[in-house]
Amino acid sequence: MLHNLHVKNLALIEEAEVDFSRGLNILSGETGAGKSIIIGSIGVAIGEKASKDMIRKDADYALVELVFSVGEEVRKKLSAMDILMEDDQVILTRRISGGRSVAKINSESVSMAKLKEAASLLIDIHGQHEHQSLLDQKNHLHILDAYAKKELKSLKEELSRAYHDYVGIRQECREASSDTEQRARELSFLQYEADEIAQAGLSIGEDEELEAQYRRFANGKQIMGSIGQVYEQTSENGAAGMTGHAVLEIAKISAYDEKLCQLEGQLMEIDNLLNDFNRELAGYIDDTDFDEAHFYEIEKRLDLINGLKAKYGSSIEKILSEYEKKQERIEKLSDYDAYLSGLQQRLEQKEAELAALCEKASNIRQKEASKLTKKIKAALIDLNFLDVRFELCLTRKKEYSQTGYDEAEFRISTNPGEPLKSLTKIASGGELSRIMLAIKAVLADCDEIGTLIFDEIDTGISGRTAQMVSEKMDVISKDHQIICITHLPQIAAMADTHFLIEKQAKRNQTQTKIRRLDQEESVLELGRMLGGVKITDTVLKSAKEMKDLAVATKNSQSENN
């Protein structure tokens, strides 16, 4: 459940903190007081679109934070997403500053996609106009699949992969049906390119070795000039000759002094090192052959390799890989009838696999549709659709899709003797709101989402229907935390916890505030909702009676459960 909402510098809210309770949390207030800002801030925290325009005037940033507690099943799912948790508590944070926002889960920065995925396990928001989505028939299949998620999830993933494979092979078939002349031109060009690569006789690593040789040959004059000077300065005509002469001189006197004897040894070691160095240097000079013809061949070979790289890939490995692809294509085009036959066979096999998966998914949907419609019908009866008939019709599309070949359509009859009609033909906003409430209630039970938010679910209803909607929401709130914005006193009276949202002027600025009402204040708010501008004693008495009736209804339902 959602324990706490903290909002700072968002729209008209300077700072607000709300501690929600279990059961039914009602938010009410005058039109324009900012009720939707509260729900909107929750939406921002769970990943809905946010912009810098949402930041309160004269503030540098906006912040929204939600604190949830979760059960064992949700904790396991969050852990599988690598979300670290302590004490079964989850904190979602969103900070907006300038043109960017930062999302965090338990103080760890996450992507928006991960924030939304985690939030979908914790909370479900029914916006003011979400019931209009029922007017789009394609959403009916989404609802059924959401209900049958456990049975369909892995199958739909497999089905999606098979569909994309099928589409790929089908496209290859279409491309393969090009005319004979075009194939001949393609084959000729491919053969030319393959021969060009093959004749080059490339070997992996060859280019690197040639480039090293090229650098050495390109700098050959400088190398030989410097080496010649080094040899001249260290050979018999240079340092080695002088060192040898010095050895002879010190040998004449070394016997007269022990110290001179040690120095003679050091000088002889230097002489030996110089002689060894000069022998190796002379060998290097003899072995080094800066042949102009060889240099030209290296340069020519590198030009060939670099030309192939420009056409077929940035490395020899990529050129050879491209060669293999061209050879495969040449084989296909050379024996095109066999290729077409094999391709058609693959298409038929993949289509058969796809059809089997679609049939399996359809069978599951047929079975789950029956369960779903029974539950939705029961929920609709609780919402004052007393003689309702409700069905889900599944038909087969002409084409496959990544979800299968099923099309779904909810159909309803709300009066005896009336034929079933598609939900897409229902014009009443009040009826659509109640149908969506029934669907949400059923899906919430199968999804085990802890918190449900309803933003003005009471659109287009009043009287006895409003009373039944309030009773249904109270029933749902026994197993789920409900947060509901409402204008109807019948629904507000059923609150376990009642919050008032109001505007206040402070320092020449308008602010939205939210506060929890006690029992007496809740009755006064019901009076305002009932009586409008002037709250008379009679209105207050009606409000008190309404509250007492709601308490009695809640107690009766608790006893029945």
Side-chain angles (χ1 to χ4, degrees), residues 124-149 152 358 361-362 364-447 452 454-470 472-473 476 484 486-488 491:
D124 180 33
I125 299 181
H126 176 89
Q128 290 186 34
H129 307 293
E130 189 180 345
H131 57 274
Q132 297 293 331
S133 66
L134 292 175
L135 299 177
D136 188 346
Q137 186 183 328
K138 71 174 181 289
N139 291 321
H140 299 183
L141 185 67
H142 297 332
I143 291 170
L144 172 59
D145 285 1
Y147 176 76
K149 182 167 61 176
L152 281 175
C358 287
S362 187
I364 292 173
R365 286 178 176 135
Q366 292 282 359
K367 183 179 68 173
E368 296 300 315
S370 176
K371 299 176 186 176
L372 175 62
T373 50
K374 286 179 183 178
K375 290 182 179 181
I376 293 176
K377 180 180 178 179
L380 289 172
I381 292 171
D382 291 341
L383 294 170
N384 207 27
F385 286 96
L386 300 182
D387 295 300
V388 70
R389 286 189 296 147
F390 190 80
E391 292 182 3
L392 177 56
C393 179
L394 286 172
T395 55
R396 178 170 176 169
K397 294 183 289 189
K398 292 181 180 179
E399 292 285 332
Y400 296 110
S401 74
Q402 62 181 5
T403 59
Y405 54 50
D406 290 316
E407 285 186 318
E409 183 181 46
F410 285 119
R411 295 177 181 175
I412 191 169
S413 170
T414 56
N415 296 305
E418 281 191 358
L420 288 162
K421 294 184 297 185
S422 173
L423 278 188
T424 61
K425 294 181 170 59
I426 288 182
S428 166
E431 286 186 326
L432 280 177
S433 292
R434 283 185 286 156
I435 294 168
M436 182 57 89
L437 175 59
I439 291 171
K440 287 281 186 179
V442 173
L443 292 183
D445 282 337
C446 76
D447 251 355
L452 304 176
F454 295 104
D455 187 0
E456 299 187 11
I457 194 70
D458 49 24
T459 301
I461 63 173
S462 59
R464 173 62 182 151
T465 300
Q467 180 61 33
M468 295 187 75
V469 168
S470 73
K472 181 62 177 177
M473 294 187 75
I476 299 171
C484 176
T486 186
H487 291 290
L488 293 179
I491 294 177

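Side-chain atoms are counted along with the backbone in the values below, which use heavy atoms only and exclude waters and symmetry mates.
The salt bridge (Lys or Arg N to Asp or Glu O under 4.0 Å) search around Asp406 returns Arg365, not counting sequence neighbours. With sequence neighbours excluded, no residue forms a side chain to side chain donor-acceptor pair (under 3.5 Å) with Ser470. Under the salt bridge (Lys or Arg N to Asp or Glu O under 4.0 Å) criterion, Lys138 pairs with Asp136, not counting sequence neighbours. Under the side-chain contact (heavy atoms from CB on, under 4.5 Å) criterion, His142 pairs with Asn139, not counting sequence neighbours.
Counting heavy atoms from C-beta outward, Val469 and Leu488 have side chains that stay 4.5 Å or more apart. Between Leu437 and Met473, the closest side-chain pair of non-hydrogen atoms falls below 4.5 Å. Side chains of Leu394 and Leu144 form a contact here, defined as non-hydrogen atoms less than 4.5 Å apart.
Taking CZ from Arg396 and OH from Tyr405, the interatomic distance works out to 4.5 Å, rounded to the nearest 0.5 Å. In this structure, the separation between CG on Leu423 and NE2 on His140 is 5.0 Å, given to the nearest 0.5 Å. With rounding to the nearest 0.5 angstrom, the CZ atom of Arg464 is 8.0 Å from the CG atom of Leu386. Considering CG of Asn384 and CZ of Arg434, their distance stands at 6.0 Å, rounded to 0.5 Å. Atom CD1 of Ile143 sits about 4.0 Å away from atom CD1 of Ile439, to the nearest 0.5 Å. Here the CZ-NZ distance, from Arg389 to Lys421, works out to 11.5 Å after rounding to the nearest 0.5 Å.
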Under 3.5 Å, side-chain donor or acceptor atoms of residues 371-381 against the rest of the protein: list the pairs with distances, not counting sequence neighbours.
residue	atom	partner	partner atom	Å
Lys371	NZ	Glu368	OE2	3.3
Thr373	OG1	Ala369	O	2.9
Thr373	OG1	Ser370	O	3.1
Lys375	NZ	Tyr147	OH	3.1

Sequence neighbours left out, cut at 3.5 Å: what donor-acceptor pairs do the side chains of residues 410-418 make with other protein atoms?
residue	atom	partner	partner atom	Å
Arg411	NE	Glu409	OE1	2.9
Arg411	NH2	Glu409	OE1	3.0
Ser413	OG	Asn415	O	3.2
Ser413	OG	Glu418	O	2.8
Asn415	ND2	Glu418	OE2	3.2

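Between Phe385 and Val388, the shortest heavy-atom contact is O-CG1, 3.3 Å. When all heavy atoms of Ala441 and Lys472 are compared, the pair lying nearest together is CB-CE, 4.4 Å. Residues Met468 and Leu383 approach most closely at O-CD2, 4.1 Å, considering heavy atoms.
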